[in-house]
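Read the structure below first, then the notes.
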Amino acid sequence: MKFVILLTISLFMMPWTKQEKQSTVKIMGIPVLFWLVIGIVEYFFLIDNQMSSILTTYTIVAAGFIILSLYLYESHNKVLMIKATLSVLLITAFVYTTFIHSMIIAKDKYEGVNFEVHDISEPFTNEDTPFSVPPETARNKMLKVFGNIDNVSYFELGDLTPQIVNGETLYVAPIEASGFFKARKAGSTPGYITMSGTNPDAEANLVLGYKMQYVPSMYFSDNLQRKVRNAFPKGIFYGEPKFEIADDGKPFYTMTYGDKVSLRSGFNVKGVILIDPNTGDVKKYTKEKAPEFIDGVLNFETASLENEYFGYLAHGYWNSLFSQTDVKIPTDWGTYEGVTPIFGKNGKMYFFTDFTSPKEGVDSALGYSLIDARTGELNYYNGELVKGIMDGSAAEEVVDNTFKKEKWHGTMPVIYNVYGEPSWVVPVTDDGGLVRQYAVILASNAKVFATGSTQKEAFNKYKNALSRTDSTHRASTTSEEKNIEGDVLRVYKELDDGVTFIFILLDNSDKIFMVSSNDFPYAMFTEQGDTLKLKYADNNEQIVSVNQYQNLGID
């Protein structure tokens, strides 16, 4: 249909009369030919549908201006006058729908975001395992097994997608065709590769035996986007196709669909298209009815767009440019289109982004958001503990300075609520993308941080680092203070950077009680058989920090 429209309007724009031909054919031939070529390329190849549509639209306007200028030059030509009048209407409609109307409805875009504001996100402890393998690390692991594919020169590794499969957090990446001629030769792609999202030492897993004919890297009728547009010709899509697998290992692609906020402006997510790359079966689901294995109804681009609406447009378009009241800028150092996928304790995927001030030179964060990847609900966190904390780039800089000699770098920074404090968890990688360390940094004080060769080690050291600060950094905001009195069964002492940490087992509890000699110097003399009276913050962890210590034997 679009091609027919292109052809019809092109015929209208071509010269009709002899006089018109003499004066316009050389000038008009260029934009009309360019327009038709763009339309043909878009239809048959779908190289870049969004960009080609933009080029097509701008070519229409350019041709309209040419007609208008020719009319002004030859105002006695009635046919050209009619065309010029229609061109003025076309240009006016284009400018209004593309620019002016988008500015007018800026507040509508903001109000279309389903958001809630909170103080701080749910607690995260050393008993939890964050999704913290950087995409670069996972990709390097995948490329090591990529060579085991038959006729490997026909293929290339596709984009990585974080996902939970049978309770395990993974990266999944499709095997895509490598160019037009190799795609025609291969006919289909053979499968996909998976890699752990929590263990950088794990090996990637090559999964073959799937004939995937309808994929983004194929052409003509086998092209995935063409298949979807043929099934839903009036559908409105935003962003790129995303690869996911079901719990039984079967591969699928998804595309996020929605509708415009108004006219041609804005985008609201309504649901997801599910495509079987083997059979070409295409199904449409609303957000509420999407299959359970789809972790991301929203793709990365729509999540990033939602952050922009929420951050910039609270008081309209002009406010975002000038007074900038309540404007908060979503940062762009996320791993996918400015957002970083993570997984909560509930098994849901969220898109993380921190927000910073529009004022130049400010490296502190105003807050951070977690967008539910299935529902699109945006949770914004900006409580007293969060305001004024360092942003993600500052957290990376802390890591870079710490490992300057080794030339290791911080990557994929994410804020977690660690022991009641907003803290940056930052994987540390070398130039080859290999994870060397993990860093946990107190977001409100860059001097309080810890590193470890594993996440668990980094978290345990971080707890020690927090215990050396004031007591507000020791108790979780959701923990309950409890008292206990008991006899010492076992005691272990550890010296760390001049501070002794005493780990105690009592006869009437399965908790491990940690005491800092900085806070309680006499705790260094704790021995087996002593009777202790302790107050601690119970946050459902195995190791808990002691807020009050009393040795009844010494007293």
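Positions are given from 1, in the same order as the sequence printed here. What you see is a predicted model, and the numbers here were worked out from it, not measured in a lab.
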Mind checking whether Tyr257 and Phe237 have ring centres under 6.0 Å apart?
no
Give the ring-plane orientation class for Phe352 versus Tyr368, where under 30° counts as parallel, over 60° as perpendicular and anything between as tilted.
tilted
Phe131/Tyr171 aromatic ring centres below 6.0 Å:
yes
Should we count CD of Glu397 as having more than 12 external heavy atoms under 6.0 Å?
no
Would you indicate whether Asn148, at its atom CG, is surrounded by more than 12 heavy atoms from other residues, nucleotides or ligands within a distance under 6.0 Å?
yes
Residue of the set Lys283, Lys250, Lys227 for which side-chain hydrogen bond (donor to acceptor under 3.5 Å, both in side chains) holds with Asp276:
Lys250
Return yes when atom CD of Glu288 has more than 12 non-hydrogen atoms of other residues, nucleotides or ligands closer than 6.0 Å, and no otherwise.
yes
Stepwise ring pair (Phe, Tyr, Trp, His ring centres under 6.0 Å) test for Tyr110 and Tyr309:
CA-CA 5 Å; Tyr110 171 79; Tyr309 291 168; 9.5 Å; no
Quiz: residues 187-195 side-chain donor-acceptor pairs under 3.5 angstrom, not counting sequence neighbours:
{"unit_1": "Thr189", "atom_1": "OG1", "unit_2": "Ile175", "atom_2": "O", "d": "3.2"}
{"unit_1": "Thr189", "atom_1": "OG1", "unit_2": "Met212", "atom_2": "O", "d": "3.2"}
{"unit_1": "Tyr192", "atom_1": "OH", "unit_2": "Gly249", "atom_2": "O", "d": "2.5"}

Heavy-atom closest contact (Leu224 atom, Ile275 atom, distance):
CD1-CG2, 3.3 Å
Write out all pairs satisfying ring pair (Phe, Tyr, Trp, His ring centres under 6.0 Å) with one or both partners inside residues 140-159, taking only residues at least two apart or from two chains.
none
For Asp431, is there an ion pair with Lys407 - N to carboxylate O distance below 4.0 angstrom?
no
Do Glu176 and Ser217 meet the criterion of a side-chain donor-acceptor pair at a distance under 3.5 Å?
yes
Parallel under 30°, tilted from 30 to 60°, perpendicular over 60°: which one fits the rings of Phe355 and Phe310?
perpendicular
Between Phe220 and Phe180, how do the two ring planes meet: parallel, tilted or perpendicular, split at 30° and 60°?
perpendicular
Looking only at side chains, do Ser262 and Lys109 share a donor and an acceptor under 3.5 Å apart?
no
Residue pairs meeting side chain to side chain donor-acceptor pair (under 3.5 Å), one or both in residues 376-388, sequence neighbours left out, come to His118-Asn379
Can you see whether Tyr536 has Lys511 sitting over its ring - NZ or CZ less than 6.0 Å from the centre and within 45° of the normal?
no
Under 3.5 Å, is there a donor on one side chain and an acceptor on the other for Glu136 and Thr411?
no
